[in-house]
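Numbered from 1 within each chain, the chains take letters A, B, ... in sequence-line order. Nothing here was measured: the structure is a model prediction, and the numbers come from that model.
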Number of protein chains: 2
Amino acid sequence: MNPTIKDVANYANVSIATVSRILNSTSAGYSEKTRELVMEAIEQLGYKPNAVARGLKNTRTQTIGVLFPDISGMVSSELLHGIEKVTHNLGHSVIVCNTASQGKKTLDYLKLLSEKRVEGILFASEEIKDEYYEAIKGMNIPAVLVSTKSHKHPLPYVKVDDRDAAYTATSYLIEKGHKNIGMISGIKQDPIAGSPRIEGFQAAMRDQLGNDSPVVVSAQGFSYEHGVEMFEKLIKAAPHTTAIFAASDEMAIGAMASAYHMNIKVPDDISVVGYDNLKISEMAIPPLTTLSQPLREMGEKATELLFEALTDKNSTQSSIIMPHQMIERESVKAMA
Amino acid sequence: MNPTIKDVANYANVSIATVSRILNSTSAGYSEKTRELVMEAIEQLGYKPNAVARGLKNTRTQTIGVLFPDISGMVSSELLHGIEKVTHNLGHSVIVCNTASQGKKTLDYLKLLSEKRVEGILFASEEIKDEYYEAIKGMNIPAVLVSTKSHKHPLPYVKVDDRDAAYTATSYLIEKGHKNIGMISGIKQDPIAGSPRIEGFQAAMRDQLGNDSPVVVSAQGFSYEHGVEMFEKLIKAAPHTTAIFAASDEMAIGAMASAYHMNIKVPDDISVVGYDNLKISEMAIPPLTTLSQPLREMGEKATELLFEALTDKNSTQSSIIMPHQMIERESVKAMA
DNA sequence: TTGAAAGCGATACCAC
DNA sequence: GTGGTATCGCTTTCAA
């Protein structure tokens with residue numbers, strides 16, 4: 001069907017070895033004249049080297065695998081954008097996997113990627129279970145975590161410091177003069193987006209306000225719906241709250257919608273700050289003040305880290321803590 | 001490094017042919033006893049068949065390529081979700097490509113996918129230029145379009161009927177008693193999301209209101225920012241407008257934000273309907289009434305179509321028009 | 001039921 | 001500078 005290197009060789013009246021050399025612009029083992037001849041043949045035949053055969057021969061498939069818990073989520077999308085970009089710039093391809101946070105699917109995907117002989121793995125936004133780690137280790141290829149980390153397993157990661165970031169966001173609210181600050185947390189057991197953010201919040205409240213038990217309500221997830229639900233709960237539990245720190249932009253926006261329906265004005269009656277700085281935070285009314293994670297850059301950095309490990313067999317494989325930053329918009333009001 | 005079929009054969013004291021048969025549960029050419037023996041060997045060695053070698057042997061790589069103009073866009077994300085799901089269910093993988101709407105990148109990706117010997121192509125949300133078509137045709141593999149179509153080239157597609165959908169959305173507004181309806185269009189030259197939606201709008205205005213030249217403002221894109229910009233322009237041009245049809249949810253939400261800042265109330269002073277039914281439309285304040293495209297299902301259907309062509313060499317390869325639907329929320333008010 | 005061997009399309013070593 | 005050929009890991013006839 002597709003012309004092979006052999007066809008090219010025949011057409012140009014040279015050996016396949018020569019064609020191969022020219023294809024790989026290797027050790028100049030050919031004259032300019034034959035090069036032109038071969039190029040002409042390639043052009044005429046519409047020859048495209050078979051990457052599968054190449055991959056078999058040199059065990060380098062030029063593709064990496066990326067695992068997301070929710071591929072259509074806005075966080076995943078941004079990460080993927082960064083990942084795809086540098087992967088492609090480096091001449092590789094990315095195979096995407098949507099684990100739906102299910103162990104079985106994750107293991108399935110890992111097996112598949114292993115069979116496909118991808119050269120590296122990027123694992124995003126989710127906790128690495130022991131089985132995952134074993135599977136990855138068994139593949140003998142580099143892997144890096146993005147927007148997640150593992151306390152237990154020695155895999156390099158790229159993420160912001162969630163505790164610090166939550167501390168920053170809370171401090172921002174305190175600086176604005178708020179004292180009755182409540183937090184809307186996602187899943188509190190979540191070792192990445194759950195407990196560290198709660199701890200950061202609590203630490204800031206303790207350090208700066210001497211408040212040892214600020215109110216925190218936790219949901220079963222980080223979505224918009226969880227935000228609306230938790231806002232009601234929080235207001236019921238602590239009616240004097242003047243500011244809220246939400247563990248995700250989606251929750252923050254859910255909280256604002258909930259406030260709107262309860263006829264509570266943001267930011268006049270209550271201030272809210274989110275976490276992530278997704279595109280939707282600019283689109284909210286009022287535009288959401290939020291703690292920004294540089295998601296796209298995180299995707300890029302993680303990919304670069306992966307390729308370093310791929311290129312330099314004994315690279316340091318250090319992790320990277322990305323800088324976070326408050327983005328001031330209009331959902332926070334300074335207290336009188 | 002990785003154990004091969006040969007290692008398994010040695011370990012189990014059988015030939016590689018036998019191992020292969022067992023691996024593929026082919027024509028029962030082996031006894032139950034040797035099967036167990038081989039399975040045991042596979043287990044012990046942690047053997048994983050090399051998909052690259054397989055792919056070379058039978059020219060079936062079990063992977064497809066998907067091209068998006070903007071991989072982190074919300075429309076793309078939803079499509080991708082549906083695509084990835086059925087692809088994985090069918091035991092294949094998807095390689096994602098972000099063309100950024102650039103001809104050179106698109107051609108580059110097509111070439112790459114061709115070299116990687118993907119078995120099929122899914123092309124999303126963008127116009128097929130002649131060069132793209134030629135490149136795809138040259139690959140000799142099936143391709144299907146999602147959320148786009150080509151008038152010029154015979155490629156099957158899966159999409160809603162944009163003209164009909166715009167007609168429906170406009171009719172909805174008319175039914176609600178609106179007469180001064182304006183449209184915020186995206187790029188008007190866009191043969192998919194541009195002109196057809198404008199035409200649908202105009203047709204409804206003409207058919208049902210006898211209005212032959214309703215006001216339409218067009219932007220250079222379909223984003224939130226374009227929406228805020230166009231809302232101002234529209235209001236300036238036609239101050240009596242009571243309802244707006246926006247060509248995308250993002251634009252609709254931009255328009256609402258703009259209205260908010262101009263102290264124009266939605267839906268009391270002006271009604272707005274969007275297009276797409278993205279997750280953000282539920283999150284808007286007020287929740288956006290919009291014309292829904294079943295994006296995820298479109299991704300699924302397109303993938304199914306692709307695999308039909310892959311399986312059944314001479315399948316019909318028909319296109320599919322997906323149903324659209326008005327989703328009523330709170331951004332439209334009936335006229336007195 | 002099982003094994004030997006050809007071949008998929010490249011790469012790279014070894015001669016010439 | 002160029003060609004012959006073994007090899008990558010697997011599938012699949014063809015014989016036994």
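- Between Thr18(B) and dG3(C) there is a side-chain polar atom (N or O) within less than 4.0 angstrom of OP1 or OP2.
- Atoms CG (Asn50(A)) and P (dG7(C)) sit 18 Å apart, rounded to a whole Å.
- Under 4.0 angstrom from either OP1 or OP2 of dA10(C) there lies no side-chain N or O belonging to Ser20(A).
- Under 4.0 angstrom from either OP1 or OP2 of dT12(D) there lies no side-chain N or O belonging to Asn58(B).
- A side-chain donor-acceptor contact under 3.5 Å links Ser93(A) and Lys116(B).
- Tyr47(B) places its OH atom 10 Å from the P atom of dG9(D), with the value rounded to the nearest Å.
- One can find a donor-acceptor pair under 3.5 Å joining the base of dG3(D) and the side-chain atoms of Arg21(A).
- Residues Lys48(B) and Glu115(A) are not paired through a salt bridge, judged by the lack of any N-O separation under 4.0 Å between the basic side chain and the carboxylate.
- Rounded to whole angstrom, the span from the CD1 atom of Ile16(B) across to the C1' atom of dG3(C) amounts to 9 Å.
- Two residues, Ala17(A) and Leu56(A), neighbour DNA chain C, and the one matched to the more 5' nucleotide by heavy-atom proximity is Leu56(A).
- Taking side-chain N and O atoms only, Ser31(A) has a distance below 4.0 Å to OP1 or OP2 of dT2(D).
- A 6.0 Å sphere centred on CD of Glu43(B) holds no more than 12 heavy atoms belonging to other residues, nucleotides or ligands.
- Donor-acceptor pairing under 3.5 Å is recorded for the side chains of Glu126(A) and Ser101(A).
- Atoms CG (Leu23(B)) and P (dT2(C)) sit 15 Å apart, rounded to a whole Å.
- Note: CG (Leu37(A)) to C1' (dG3(D)) measures 15 Å, nearest angstrom.
- Contact annotation: Ser15(B) side-chain N/O to dT2(C) OP1/OP2 distance is not under 4.0 Å.
- Nucleotide dG9(D) holds its C1' atom 10 Å from the CZ atom of Arg54(B), rounded to whole Å.
- For the 3.5 Å distance criterion, the side chains of Ser125(B) and Thr148(B) fail to qualify, holding no donor opposite an acceptor.
- Between the P atom of dG9(C) and the NZ atom of Lys57(B) lies a distance of 10 Å, rounded to the nearest Å.
- Within residues 5-14 of chain A, the residues that place at least one heavy atom under 4.0 Å from DNA chain C are, in residue-number order, Ile5(A).
- Using a 4.0 Å heavy-atom distance criterion, Thr34(B) is classed as a sugar-phosphate-only contact.
- Not one N or O on the side chain of Asp162(A) forms a donor-acceptor pair closer than 3.5 Å with the backbone of Ala193(A).
- Aromatic ring centres of Tyr132(A) and His153(A): separated by at least 6.0 Å.
- Per the geometry, CG belonging to Leu45(B) stands 14 Å off P belonging to dG9(D), to the nearest Å.
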